[in-house]
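Reading through the structure tokens given below for one structure.
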Amino acid sequence: MLKTHNCGELRTEHSGQTVTLAGWVNNRRDQGGVIFIDLRDRWGITQVVVDEQVHEQAHSAAEKLRSEYVAQVIGEVRVRPEGTANPHLPTGAVEVVAREIVLLNTSKTPPFYINQDSKVDETTRMRYRYLDLRRQRMQNNIILRHRVVKYIRDFLDAQRFVEIETPILFKTTPEGARDFLVPSRLMPGNFYALPQSPQQLKQLLMVAGYERYFQIARCFRDEDLRGDRQPEFTQLDLEMSFVQRDDVIALIEELMIQIAENVVGKTPMYKPFPRIRYYDAMEKYGSDKPDLRYDLAAVDITDIAGKSAFPVFVANAAEGKPVKVLRAPGMAKRSGTALRKLAEELETIARSAGAKGLAWVTLPEDESGEVKGPIGKYFTVDQVLEIVERTGAEGGDLLLFLSDKRETVWAITDVLRRHIAAELNLADPEVLAFGWIIDFPMFYWNEEEKRWDPSQHMFTMPMPEDLPLLDTDPGAARGSQYDLACNGLEVAGGSIRIANREIQEKIFPLIGLTMEEAREQFGHMLEAFEYGVPPHGGIASGIDRLVMVLAGEPNIREVVAFPKTQTGADIMAGAPSPAEPKQLKELHIRTTVDG
RNA sequence: GGGGUCGUGGUGUAGUGGUUAACAUACUGCCCUGUCAAGGCAGAGAUCGCGGGUUCGAGACCCGUCGACCCCGCCA
């Protein structure tokens, strides 16, 4: 080893020891006769002091050092002179007096600051990702990610799970996301697909009798990117036999709590995690992955609004369209101009979610004041009081009225709620608010294709008591699906699977598959399921998103070592790139794009 | 496929149609024996993403294009 200690570990008790350190020059302060070098490695920073009169050779070597040069320092640890300790550094009580400095490598001037967390254009960061990753913030994130994955492996191993690898080259399926395809050289005209998740394979491992399987699995989906979505990502994928819904939920909840507390040092806001029915989540928050760090729930006032003098609400209520109120706490305290501007802004946001307009009233700050706003006059005092009581609103609140088709109101609730929370700084990145969403509908209606689409996947077991609904009212049937939301992100989702051939065969026609098509695409599954399938269920958790939320980072790229840009490109390496004609020929591929 | 924001020395920004494009920091050289956001002095560094257009005059305005980012669609 070119070092005996790392740059983060020396303390006063090492005083007097001769040590060898090696790392990067974080900073150099040249005082003339004495030079201070802050030497940095993964573990920290240690101040190296070089005195011209004591070690002339080391001093002249230190004069040539620059930022990010790689150097080895041999010297003696000593307690810093009285009054020169640096309380901001863990190693700040000591310094290493350099006897010898070996220049291991020079460096060009970096294109951005490595030694401070300042804003840098993301294109530049991506182009020099290896330098970006050298920065403290990124090292923290990448190492946190390692610790989370390590914790998961140890936790599940202790619970007698077996980690099993499944193929990356697999079979395309028509359902779900767009597949990444890989042409087969040995079978011209045929393609593998990269797995969107190891869903089928893990169920087959249950058939195979492993009972408790997990994998830290890379998954691929060829869809457009978002701040929380990359085309390739990592899932904790697991499956268990002889379990019911609450067994899987309890296991993952315990795992998440332990990760939060033991790895990140944050106690989740709610313990145990609340369980919210899908319909209630949509009614209150307009989202199946609500941010539970704040409440701001929409409240139904259809009955009151239906009796108001506002024609739109009366008409909507009569048609069965809900009228709901969303509180914007304290937002009515703004001045007239600021309030009008805010209302316009909120209306624009509401319209983007399908609203035709946005009605609002302001509550006075004191009892003698009056309710103001475009529709204030349509409500009687008693009606206003009833609304105030039902919503828990207080003086100075801005009340937003949402009324439309139920699904549209959900969408508006979601965007407004998140905007208000952002405006009021209610989403503290230090807080972790987990919550389960349960009782999802089995299917949602696909109007374009005139069929039911599974809301999770076709192997999701219906809730036992809803089995009869498959024949009578599939839209009302609930699945055994469970999703875990944290801070407005979906961080896990799973279900109990269908282990019964008759039930599975009822699902196919509902989702528009004939038995022939089902056999063609899932024959291996159906066949396997004839050989003694245990009842089983599982869950998958997006590691990237989980680490993102644990780290309090605003986007997924901050926790992926080498992420893709929004156009799916790797700016550093220049991927994707054209293939050589020879490669294409071998793969029996011709492109329609002119080279 | 659609909507939006941004693009100015290495980096981060300012620049409200009119001087030699400004500031901070980084960088280079010199000075300096207790600094740690070191300090002082001097210096170098910009075809204002690219291409058209409007104008007497464009970093700024318009159109296009490229790239990054945010969002909708999409993501079982």
Side-chain angles (χ1 to χ4, degrees), chain A residues 26-39 45-54 59 63 66-68 80-89 91-92 95 97 107-128 131 173-179 196-197 199-200 219-231 233 348-349 351-354 411 414-415 418-419 422 440 442-444 446 448 451-460 479 481 490 493 495 507 511-513 540 542 554-555 557 563-567 569 571:
Chain A
N26 194 63
N27 191 16
R28 184 183 72 114
R29 294 176 297 279
D30 187 346
Q31 304 273 327
V34 63
I35 298 174
F36 297 97
I37 309 284
D38 287 343
L39 198 67
I45 291 173
T46 299
Q47 173 166 287
V48 174
V49 58
V50 196
D51 192 319
E52 187 176 27
Q53 298 192 326
V54 184
H59 187 269
E63 273 185 323
R66 294 292 180 274
S67 285
E68 301 308 316
R80 292 199 195 182
E82 187 74 29
T84 62
N86 183 347
H88 305 296
L89 277 184
T91 62
E95 60 193 2
V97 184
S107 169
K108 288 170 74 174
T109 300
F112 48 81
Y113 302 99
I114 308 295
N115 56 6
Q116 63 185 63
D117 184 21
S118 51
K119 200 180 145 192
V120 185
D121 178 64
E122 215 176 321
T123 318
T124 314
R125 291 176 58 196
M126 289 307 165
R127 174 154 174 232
Y128 300 97
L131 295 179
T173 49
E175 302 294 318
R178 188 178 298 113
D179 283 319
Q196 298 178 22
S197 86
Q199 183 60 37
Q200 295 181 26
C219 305
F220 306 86
R221 294 177 191 174
D222 189 5
E223 298 292 348
D224 285 1
L225 290 81
R226 285 287 187 281
D228 64 348
R229 242 162 56 192
Q230 285 273 306
F233 58 101
T348 306
I349 290 162
R351 283 181 189 278
S352 74
D414 183 34
V415 291
R418 280 186 289 152
H419 183 82
F440 279 80
M442 277 288 284
F443 310 101
Y444 56 90
N446 184 331
E448 267 175 54
R451 63 166 195 233
W452 295 99
D453 280 348
S455 69
Q456 197 204 16
H457 54 64
M458 68 185 71
F459 306 111
T460 298
Q481 183 189 348
E490 183 195 322
S495 63
I507 302 293
I511 62 176
L513 279 181
N555 76 68
R557 297 180 300 280
K564 306 275 189 288
T565 67
Q566 192 152 62
T567 50
I571 292 181

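All values below were derived from every heavy atom in this structure, side-chain atoms included, with hydrogens, water molecules and symmetry-related copies excluded. Protein chains get the first letters and strands the later ones, always in sequence-line order, with residue 1 at the start of each.
- With a cut-off of 3.5 Å on both Watson-Crick or G-U wobble distances, the partner of B/G9 is given as none.
- If A/Q566 and A/P81 are placed on RNA chain B by their nearest nucleotide, the residue sitting closer to the 5' end is A/P81.
- Residues satisfying the side chain to side chain donor-acceptor pair (under 3.5 Å) test with A/T348, not counting sequence neighbours, are none.
- Using P as the reference atom, B/C63 and B/C69 are 24 Å apart when rounded to the nearest Å.
- Within the shown strands, B/A42 is the pairing partner of B/U28 under the Watson-Crick or G-U definition, both distances less than 3.5 Å.
- Using N1 to N3 plus N6-O4 or O6-N4 for Watson-Crick, or N1-O2 and O6-N3 for G-U wobble, each under 3.5 Å, B/C61 pairs with B/G53.
- Only the P atoms considered, B/U16 is 15 Å distant from B/C6, to the nearest whole Å.
- Residues satisfying the side chain to side chain donor-acceptor pair (under 3.5 Å) test with A/R66, not counting sequence neighbours, are none.
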Scan nucleotides 28-31 of chain B against the protein and return all N/O pairs shorter than 3.5 Å with their distances rounded to 0.1 Å.
from	atom 1	to	atom 2	distance (Å)
B/U28	OP1	A/R66	NE	3.0
B/G29	OP2	A/R66	NH2	3.0

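- Residues passing the ring pair (Phe, Tyr, Trp, His ring centres under 6.0 Å) test with A/F36: none are found, sequence neighbours excluded.
- For A/R229 and B/C74, a side-chain-to-base donor-acceptor distance below 3.5 Å is present, hydrogens and geometry of angles not being considered.
- One donor-acceptor pair, N or O on each side, does fall under 3.5 Å between the base of B/C36 and the side chain of A/R80.
- B/U13 and B/A26 have their C1' atoms separated by 14 Å, with the value rounded to a whole Å.
- For A/R178 and B/G73, the CZ to P distance is 15 Å, given to the nearest whole Å.
- Residues that satisfy the salt bridge (Lys or Arg N to Asp or Glu O under 4.0 Å) test with A/E122, not counting sequence neighbours, are A/R557.
- Here, B/A60 and B/A24 have their P atoms 25 Å apart, quoted to the whole Å.
- For B/C69, the paired nucleotide is B/G4, the pair qualifying as Watson-Crick or G-U wobble because both relevant distances are below 3.5 Å.
- Under the rule for a salt bridge (Lys or Arg N to Asp or Glu O under 4.0 Å), the partners of A/R125 that lie at least two apart in sequence or sit in another chain are A/D132, A/E558.
- A pairwise comparison of heavy atoms in A/P81 and A/E95 identifies CD-OE2, 3.6 Å as the closest pair.
- A/T565 is linked by a side chain to side chain donor-acceptor pair (under 3.5 Å) to A/T567, counting only residues two or more places apart in sequence or in another chain.
- If you take atom P in B/G43 and the same atom in B/A68, they sit 40 Å apart, rounded to whole Å.
- Under 3.5 Å, the side chain of A/E95 and the base of B/G34 form at least one donor-acceptor pair of N or O atoms.
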>> For a quick check, with a 4.0 angstrom heavy-atom cut-off, what is the B/S/- contact string for nucleotides 5-12 of chain B, read 5' to 3'?
In response: -----BBS

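- With sequence neighbours excluded, no residue satisfies ring pair (Phe, Tyr, Trp, His ring centres under 6.0 Å) with A/H59.
- In this view, A/R451 and A/D453 satisfy the side chain to side chain donor-acceptor pair (under 3.5 Å) rule, not counting sequence neighbours.
- For RNA chain B, the neighbouring residues in residues 219-227 of chain A, judged by any heavy atom under 4.0 Å, are A/R221, A/E223, A/D224, A/R226, A/G227.
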Kindly give the atom pairs (protein nitrogen or oxygen, nucleotide nitrogen or oxygen) under 3.5 Å for nucleotides 42-46 of chain B.
none

